[in-house]
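Okay, so here's the structure we're looking at.
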Amino acid sequence: MAKLVIFPPVSSARLEKVCAAAAPLTVVQAADELEAVKAVADADALFGHLTPAMLRAAGRLRWVQAPTASMEKFLFPELIASPVIVSNMQGISSDVIADHVLGFILCFAKNFHVYIRQQGQARWQMLGREANELPGYAGPGEVDPSDRAAITLADCTLGIVGLGAIGRETAKRGLAFGLRVLAVDPRAAEAPPGATLWRTDRLDEMLSVADFVVIAAPHTPQTFKLFRRERIRRMKPTAYLINVGRGAIVDLADLTAALEAGEIAGAGLDVFEIEPLPADHPLWRMPNVIVTPHCAAASPRVAERHLETLLDNLRRFVAGQPLRNVVDKTMWC
């Protein structure tokens with residue numbers, strides 16, 4: 001009898017739906033790794049976390065459904081070298097994360113990051129004007145310093161590093177706001193209509209023209225510390241760096257030094273090389289930096305998409321059909 005192991009266990013409500021989708025597979029939940037090692041010995045499939053000990057014990061395992069999209073903490077050399085197919089949860093929060101990116105962009109463009117801080121001080125001061133000064137009533141006959149303090153998105157270029165699910169959704173939103181969109185990706189076949197796709201050998205060229213640089217790439221050996229001080233310096237001094245990909249892609253010390261030196265205009269960061277970001281870290285106190293606590297994927301929609309992806313893949317596995325979100329394990333070795 002074919003068998004599915006779940007580790008760690010899921011709620012009873014989810015288990016009922018999993019059993020229905022997996023039929024006629026026998027479904028076994030393991031409470032801990034010791035139970036999982038025993039259960040996986042004759043299992044065909046696993047949902048959840050696979051450890052090296054479990055893989056060594058697995059006699060006929062063919063497929064593992066990872067519970068997350070990120071793979072850097074899931075894969076290990078023995079699993080990469082094995083014939084076991086791994087699928088992940090790519091795409092279930094891509095639109096939500098892209099919304100977060102647009103939030104960063106709009107905050108910087110309209111200076112909300114400045115005005116929210118001023119609100120706590122009951123301080124009325126438009127950037128480029130004196131405190132308590134009101135707009136004039138003669139109409140916008142001349143460009144005022146307060147006008148120059150704001151960014152018009154239609155004049156800007158959005159550069160996207162990684163045109164996967166998150167990158168594509170970010171590109172669509174950028175286009176909707178009138179930005180010119182450039183993306184670099186090593187493998188993507190095409191960009192959304194209106195955007196331009198380059199290969200990664202043109203990354204530095206893209207950085208030199210982008211006003212907002214969005215990192216939406218996964219953490220792989222190729223992207224680890226891709227953004228060191230030298231690369232950050234290739235950005236325009238008026239540009240903003242936004243990272244919703246993986247913290248390890250940006251060297252934290254180098255980014256901090258670049259910001260302190262005024263080499264870029266600011267940063268919107270949801271992921272960090274060190275998490276939680278230490279309370280004494282300088283980034284917390286920089287007025288041109290927006291820090292969010294790895295929350296870009298937060299949405300009540302994501303849990304239902306997570307379950308739907310699992311159930312769909314279970315049905316596909318039982319029917320012998322191609323699985324969704326199969327991971328290229330060689331990218332991570």
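For the single chain, residues carry numbers from 1 onward in sequence order.
Closest approach of Asn88 to Met71, counting heavy atoms only: CB-CE, 3.7 Å. Contact between Pro67 and Gly48 at its shortest, heavy atoms only, is CD-O, 3.4 Å. Heavy atoms only, all atoms of each residue included: Cys295 and Asp270 are closest at N-OD1, 2.8 Å. Among all heavy-atom pairs drawn from Ile290 and Cys107, the shortest one is CD1-CB, 3.7 Å. Residues Gln90 and Asn325 share a closest heavy-atom pair of O-ND2, 3.0 Å. Here the closest heavy-atom approach between residue Thr157 and residue Val209 is recorded as CB-O, 3.7 Å.
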| request: Walk me through it: do Gln65 and Ser87 pass the test side-chain hydrogen bond (donor to acceptor under 3.5 Å, both in side chains)? | output: CA-CA 5 Å; Gln65 173 66 56; Ser87 57; 2.6 Å; yes
| query | After noting the C-alpha distance and the side-chain angles of Arg60 and Asp44, does the key distance pass the salt bridge (charged side-chain N to carboxylate O under 4.0 Å, His left out) rule? | reply | CA-CA 6 Å; Arg60 67 185 198 200; Asp44 301 271; 3.2 Å; yes
| field | Pair His49-Met54, side-chain contact (heavy atoms from CB on, under 4.5 Å): steps then yes or no | value | CA-CA 9 Å; His49 183 55; Met54 292 167 62; 5.9 Å; no
| field | Ser146 and Arg129: CA distance, side-chain angles, deciding distance, side-chain hydrogen bond (donor to acceptor under 3.5 Å, both in side chains) verdict | value | CA-CA 6 Å; Ser146 61; Arg129 293 177 181 263; 3.2 Å; yes
| message | Applying side-chain contact (heavy atoms from CB on, under 4.5 Å) to Val161 and Val214, what does each step give before you reach the verdict? | response | CA-CA 6 Å; Val161 183; Val214 177; over 6 Å; no
| Derivation and outcome, salt bridge (charged side-chain N to carboxylate O under 4.0 Å, His left out), residues Glu205 and Arg234 | CA-CA 8 Å; Glu205 182 181 353; Arg234 296 185 186 276; over 6 Å; no
| request: Begin with the C-alpha distance, continue with both residues' side-chain angles, and end with the deciding distance and a verdict on side-chain contact (heavy atoms from CB on, under 4.5 Å) for Val96 and Arg305. | output: CA-CA 12 Å; Val96 174; Arg305 296 172 183 174; 4.2 Å; yes
| field | Working for salt bridge (charged side-chain N to carboxylate O under 4.0 Å, His left out), residues Arg246 and Glu273 | value | CA-CA 8 Å; Arg246 286 292 175 262; Glu273 191 178 3; over 6 Å; no
| query | Under the side-chain contact (heavy atoms from CB on, under 4.5 Å) criterion, do Leu283 and Thr256 qualify, and how do the steps go? | reply | CA-CA 7 Å; Leu283 287 177; Thr256 303; 4.0 Å; yes
| request: Check step by step if salt bridge (charged side-chain N to carboxylate O under 4.0 Å, His left out) holds for Asp328 and Arg187. | output: CA-CA 12 Å; Asp328 180 358; Arg187 303 195 304 170; 3.2 Å; yes
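Connection of Met286 to Ile274 is established within a shared hydrophobic cluster, with ILVMFWY side chains joined at heavy-atom distances below 4.5 Å, either directly or through further cluster members. Residues Leu175 and Ile151 are members of one and the same hydrophobic cluster, defined by side-chain heavy-atom contacts under 4.5 angstrom among Ile, Leu, Val, Met, Phe, Trp and Tyr. Phe74 and Val302 fall into different hydrophobic clusters, defined by Ile, Leu, Val, Met, Phe, Trp and Tyr side-chain heavy atoms under 4.5 Å apart, directly or through other members. Follow the hydrophobic side-chain contacts under 4.5 Å out from Phe272 and you reach Ile215 in the same cluster. Transitive grouping of hydrophobic side chains (ILVMFWY, heavy atoms separated by less than 4.5 Å) keeps Leu127 and Ile116 in distinct clusters.
For Asp185 (side chain) and Gly162 (main-chain N/O), no donor-acceptor pair under 3.5 Å exists by modelled atom type. Side-chain atoms of Arg117 come within 3.5 Å of backbone atoms of Pro287 as a donor-acceptor pair (strictly under, hydrogens ignored). Here the side chain of Thr292 pairs no donor or acceptor atom with the backbone of His294 at under 3.5 angstrom. In terms of modelled atom types and a separation under 3.5 Å, the side chain of Lys17 and the main chain of Leu311 share no donor-acceptor contact. Asp32 places a side-chain N or O within donor-acceptor distance of the main-chain N or O of Glu35, the cut-off being under 3.5 Å.
Under the 4.5 Å side-chain criterion, counting only non-hydrogen atoms from C-beta, Leu79 is in contact with Ser82.
Between the CD1 atom of Ile264 and the CG atom of Leu207 there is a distance of 10.5 Å, given to the nearest 0.5 Å. For the atom pair CZ of Phe7 and CG of Leu46, the computed distance is 9.0 Å after rounding to the nearest 0.5 Å. Summarising the geometry, atom OG1 belonging to Thr223 is positioned 4.0 Å from atom CD1 belonging to Ile249; distances are rounded to the nearest 0.5 Å. Considering CZ of Phe47 and CG of Leu310, their distance stands at 5.0 Å, rounded to 0.5 Å. Rounding to the nearest 0.5 angstrom, the gap separating the CG atom in Leu203 from the CG atom in Leu226 is 5.5 Å. The line from CG of Leu241 to CG of Leu269 is 6.5 Å long, rounded to the nearest 0.5 Å.
For the residue pair Glu33/Thr51, the side-chain donor-acceptor check at 3.5 Å is satisfied. Between the side chains of His219 and Ser70, no donor-acceptor pair is found at a separation under 3.5 Å.
Crowding of Gln121 atom CD: a count of heavy atoms from other residues, nucleotides or ligands under 6.0 Å exceeding 12. The 12-atom threshold is exceeded at NZ of Lys236, counting heavy atoms of other residues, nucleotides or ligands nearer than 6.0 Å. Heavy-atom contacts from other residues, nucleotides or ligands closer than 6.0 Å to CD of Glu72 number more than 12. The 12-atom threshold is not exceeded at CZ of Arg301, counting heavy atoms of other residues, nucleotides or ligands nearer than 6.0 Å. Remark: Glu230 CD is loosely packed, at most 12 non-hydrogen atoms of other residues, nucleotides or ligands lying under 6.0 Å away.
Arg180 and Asp211 are not joined by a salt bridge, as no carboxylate oxygen comes within less than 4.0 angstrom of a charged side-chain nitrogen. Glu169 and Lys172 are joined by a salt bridge, as a carboxylate oxygen and a charged side-chain nitrogen come within less than 4.0 angstrom of each other. For the pair Asp312 and Arg316, the salt-bridge criterion is met [side-chain N within less than 4.0 Å of a carboxylate O]. The residues Glu308 and Arg324 are annotated as salt-bridged, a charged nitrogen and a carboxylate oxygen being separated by less than 4.0 angstrom. Using a cut-off of 4.0 Å between Lys/Arg side-chain N and Asp/Glu carboxylate O, Glu78 and Arg56 are scored as not salt-bridged.
Just one residue in the list Arg228, Arg233, Arg231, Lys225 forms a salt bridge (Lys or Arg N to Asp or Glu O under 4.0 Å) with Asp254, and that residue is Arg228.
Note on ring orientation: taking the six-membered ring where Trp is involved, the planes of Phe108 and Tyr240 are parallel (angle under 30°, cut-offs 30° and 60°).
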